[in-house]
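Quick caveat, the model's predicted, so the values are computed rather than measured.
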Amino acid sequence: MFDAHESAGLWLLGLRIESAADVRLAAWLRTRLGAQPLREAALALTSRKQPRPLKVARALGLTLPPEFVTSDAMPTLQDLRRHDQARRQGWPQPFDGR
């Protein structure tokens with residue numbers, strides 16, 4: 001868990017922080033890169049919104065530790081149909097069909 005004083009400085013990095021995972025990744029990036037290079041990378045990636053920490057890390061080509069790696073896999077239409085059919089029948093089934 002992060003101290004409130006420590007995480008307060010993360011808001012000054014130009015990152016969009018929306019979750020606890022974003023806070024952890026932003027703190028890791030700041031430790032790894034330093035505040036100024038991270039701020040510059042975030043500024044370069046800013047469009048209508050500030051970039052999330054994961055987007056900055058990927059743009060910089062960083063290899064993330066396993067605890068920060070998330071799956072970008074979206075469920076397929078077949079997965080969604082199977083889930084909807086299972087829901088209609090009254091029993092839950094995860095999106096990935098497990």
Side-chain angles (χ1 to χ4, degrees):
M1 194 65 159
F2 290 102
D3 184 2
H5 296 290
E6 179 182 344
S7 62
L10 297 177
W11 295 104
L12 302 175
L13 297 175
L15 298 171
R16 181 169 38 133
I17 306 292
E18 295 181 345
S19 67
D22 287 343
V23 171
R24 288 190 304 273
L25 182 53
W28 182 82
L29 288 169
R30 184 179 59 188
T31 302
R32 176 95 187 242
L33 300 171
Q36 188 60 32
L38 182 55
R39 193 176 298 114
E40 290 171 1
L43 181 62
L45 291 170
T46 299
S47 57
R48 289 185 314 149
K49 294 181 179 180
Q50 294 173 322
R52 296 196 55 195
L54 186 58
K55 183 176 182 179
V56 173
R58 287 180 178 165
L60 294 173
L62 294 175
T63 302
L64 300 176
E67 63 265 21
F68 296 119
V69 176
T70 59
S71 173
D72 287 338
M74 295 291 292
T76 64
L77 183 58
Q78 181 181 8
D79 292 335
L80 293 173
R81 285 183 178 153
R82 188 172 43 243
H83 178 78
D84 188 52
Q85 181 181 13
R87 181 186 59 78
R88 289 172 190 243
Q89 291 176 353
W91 54 271
Q93 182 177 356
F95 280 122
D96 61 2
R98 286 186 280 170

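- Minimum heavy-atom separation, Gly14 to Pro51: O-CD, 3.7 Å.
- Separating the CG atom in Leu62 from the CG atom in Leu33 is a distance of 5.5 Å, to the nearest 0.5 Å.
- Rounding to the nearest 0.5 angstrom, the gap separating the NZ atom in Lys49 from the NZ atom in Lys55 is 10.5 Å.
- Here the CG-CG distance, from Leu38 to Leu15, works out to 5.0 Å after rounding to the nearest 0.5 Å.
- Between Leu25 atom CG and Arg30 atom CZ the span is 12.0 Å, to the nearest 0.5 Å.
- The structure places CG of Leu43 at 12.0 Å from CG of Leu13, a figure rounded to the nearest 0.5 Å.
- Val56 places a side-chain heavy atom less than 4.5 Å from the side chain of Leu45.
- Listed here is the closest heavy atom pair of Asp22 and Glu18: OD2-N, 2.9 Å.
- Take Arg81 and apply the side chain to side chain contact (heavy atoms under 4.5 Å, CB included) test, not counting sequence neighbours, and it matches Leu77.
- Side-chain atoms of Ser19 and Arg52, non-hydrogen and from C-beta on, do get closer than 4.5 Å to each other.
- Arg39 places a side-chain N or O within donor-acceptor distance of the main-chain N or O of Leu12, the cut-off being under 3.5 Å.
- One finds the OG1 atom of Thr63 at 7.5 Å from the CZ atom of Arg32 (value rounded to the nearest 0.5 Å).
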